[in-house]
Amino acid sequence: MANLSLTFRILRKIGLNYSEEEYGQVGPITVLKKAFANPYHALLQSMMDWVIFAPLAARKIRPWLLRRMGANVGKDVFIGDHCKFDLNHSDLITLEDHAHVASGTRLLCHQRDLSGYHVGDDYAKLGYRLAPVILKKGSLVGMESMVMPGVTIGEGAIVGAGSLISKDIPDWTIAVGRPAKVVKNIPQKE
């Protein structure tokens with residue numbers, strides 16, 4: 001137990017405020033293993049925006065790189081430039097066939113769990129809520145949008161640029177806003 005307290009004191013001294021509640025019994029080796037669990041994540045994320053990949057980046061290179069990070073990526077997926085993915089939880093991301101993630105979009109699979117947060121509590125000691133992000137077949141998330149944990153964007157759904165998606169978007173609808181709300185149902189072909 002003394003090792004546990006020493007580890008957290010060292011981490012806090014260097015500016016890393018990990019909570020014992022969140023990480024449990026953690027030692028220096030465990031912290032290093034967590035930090036370097038997938039050493040390719042940072043490299044792969046930075047490679048997503050390399051200019052030399054421009055001609056093939058959106059439809060070939062970025063989907064391939066996201067697969068290497070652990071995400072489930074279908075065929076003919078489009079990923080625009082400057083997108084950000086939850087690196088430590090990319091295994092919770094699913095982009096089905098023909099899904100489109102426009103430039104500057106952020107997909108998050110974790111957030112602080114505020115359900116037990118009260119006056120006087122230390123925010124840094126709160127744990128995280130993990131939940132998958134799923135973009136169904138043929139869906140589109142517009143530029144500079146943010147998709148929160150636990151959200152499924154339905155088949156053929158379109159989410160407008162700059163939206164904050166905190167709840168599921170039904171199949172074949174158009175949603176916009178912060179928070180995103182459905183504004184139109186996409187009609188059937190006649």
Side-chain angles (χ1 to χ4, degrees), residues 22 38 41 44-49 53-54 56-118 123 126-190:
E22 179 183 348
N38 189 338
H41 276 178
L44 292 172
Q45 182 73 49
S46 71
M47 287 174 66
M48 289 221 178
D49 296 322
F53 293 147
L56 299 172
R59 295 195 182 273
K60 296 292 182 197
I61 305 295
R62 291 185 193 119
W64 180 83
L65 290 170
L66 191 55
R67 283 185 198 100
R68 298 292 115 1
M69 287 188 240
N72 181 13
V73 180
K75 293 183 267 181
D76 299 319
V77 167
F78 176 95
I79 300 174
D81 58 351
H82 305 293
C83 291
K84 298 291 183 193
F85 301 94
D86 201 329
L87 296 181
N88 291 324
H89 307 291
S90 52
D91 59 314
L92 295 174
I93 296 171
T94 299
L95 306 178
E96 292 185 358
D97 296 347
H98 308 285
H100 285 66
V101 181
S103 298
T105 295
R106 183 173 294 246
L107 304 182
L108 296 174
C109 298
H110 79 285
Q111 71 183 79
R112 292 283 185 176
D113 183 0
L114 300 175
S115 62
Y117 189 52
H118 299 92
Y123 174 82
L126 295 174
Y128 287 95
R129 179 179 79 85
L130 298 175
V133 168
I134 302 168
L135 274 68
K136 295 287 195 171
K137 182 178 178 180
S139 62
L140 162 71
V141 178
M143 289 180 79
E144 301 293 335
S145 292
M146 184 176 296
V147 182
M148 299 303 289
V151 168
T152 297
I153 297 174
E155 182 176 344
I158 297 173
V159 178
S163 294
L164 172 64
I165 307 101
S166 57
K167 294 185 177 167
D168 291 351
I169 304 298
D171 295 348
W172 302 104
T173 59
I174 297 174
V176 297
R178 295 183 82 79
K181 294 186 186 323
V182 173
V183 295
K184 181 177 180 179
N185 290 313
I186 298 171
Q188 296 276 344
K189 279 187 183 177
E190 290 181 19

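Numbers here are sequence positions counted from 1.
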Show the nearest heavy-atom pair for residues [X] and [Y], with the distance to one decimal.
X: A58; Y: F78; answer: CB-CE1, 3.3 Å
X: A180; Y: I169; answer: CB-CD1, 4.4 Å
X: S163; Y: A175; answer: OG-O, 4.3 Å
X: A131; Y: G150; answer: CB-N, 3.3 Å
X: P63; Y: V73; answer: CB-CG1, 4.0 Å
X: A99; Y: K136; answer: CB-O, 4.1 Å

Indicate yes or no: at least one non-hydrogen side-chain atom of [X] is less than 4.5 angstrom from one of [Y].
X: K60; Y: W64; value: no
X: P179; Y: K167; value: no
X: R62; Y: V101; value: no
X: R59; Y: H100; value: yes
X: V147; Y: V141; value: yes
X: L95; Y: L135; value: yes
X: L130; Y: P149; value: no
X: H82; Y: S103; value: no

Practice prompt. Give a yes/no verdict on a cation-pi contact between R112 and Y123, requiring under 6.0 Å between NZ or CZ and the six-membered ring centre and an angle within 45° of the axis.
Written response: yes
Item to complete: Please work out which of the three classes, parallel, tilted or perpendicular, describes the rings of H89 and H110, given edges at 30° and 60°.
Response: tilted
Item to complete: Could you check S145 against L164 for side-chain contact (heavy atoms from CB on, under 4.5 Å), going step by step and ending with a plain yes or no?
Response: CA-CA 6 Å; S145 292; L164 172 64; over 6 Å; no
Worksheet entry | Pair T173, N185: side-chain N/O donor-acceptor within cut-off below 3.5 Å | no
Nearest-0.5 Å distance that lies between atom [atom1] in [X] and atom [atom2] in [Y]:
X: I93; Y: M69; atom1: CD1; atom2: CE; answer: 8.5 Å
X: S90; Y: L66; atom1: OG; atom2: CG; answer: 6.5 Å
X: C109; Y: D91; atom1: SG; atom2: CG; answer: 8.0 Å

Item to complete: Determine, stepwise, if the pair L126 / L114 fulfils side-chain contact (heavy atoms from CB on, under 4.5 Å).
Response: CA-CA 7 Å; L126 295 174; L114 300 175; 3.6 Å; yes
Discussion item. Walk me through whether Y117 and S115 qualify under side-chain contact (heavy atoms from CB on, under 4.5 Å).
Written reply: CA-CA 6 Å; Y117 189 52; S115 62; over 6 Å; no
Discussion item. As a test of understanding, state which of V151, I165, L108 forms a side-chain contact (heavy atoms from CB on, under 4.5 Å) with M146.
Written reply: L108
Fill in: Qualifying residue, where the test is side-chain contact (heavy atoms from CB on, under 4.5 Å) with I134 and the options are L92, T152, I153
T152
Discussion item. Quick test of your reading of the model: are E155 and K137 salt-bridged, counting only N-O distances below 4.0 Å?
Written reply: no
Worksheet item: Under the side-chain contact (heavy atoms from CB on, under 4.5 Å) criterion, do I174 and I186 qualify, and how do the steps go?
Response: CA-CA 7 Å; I174 297 174; I186 298 171; 4.0 Å; yes
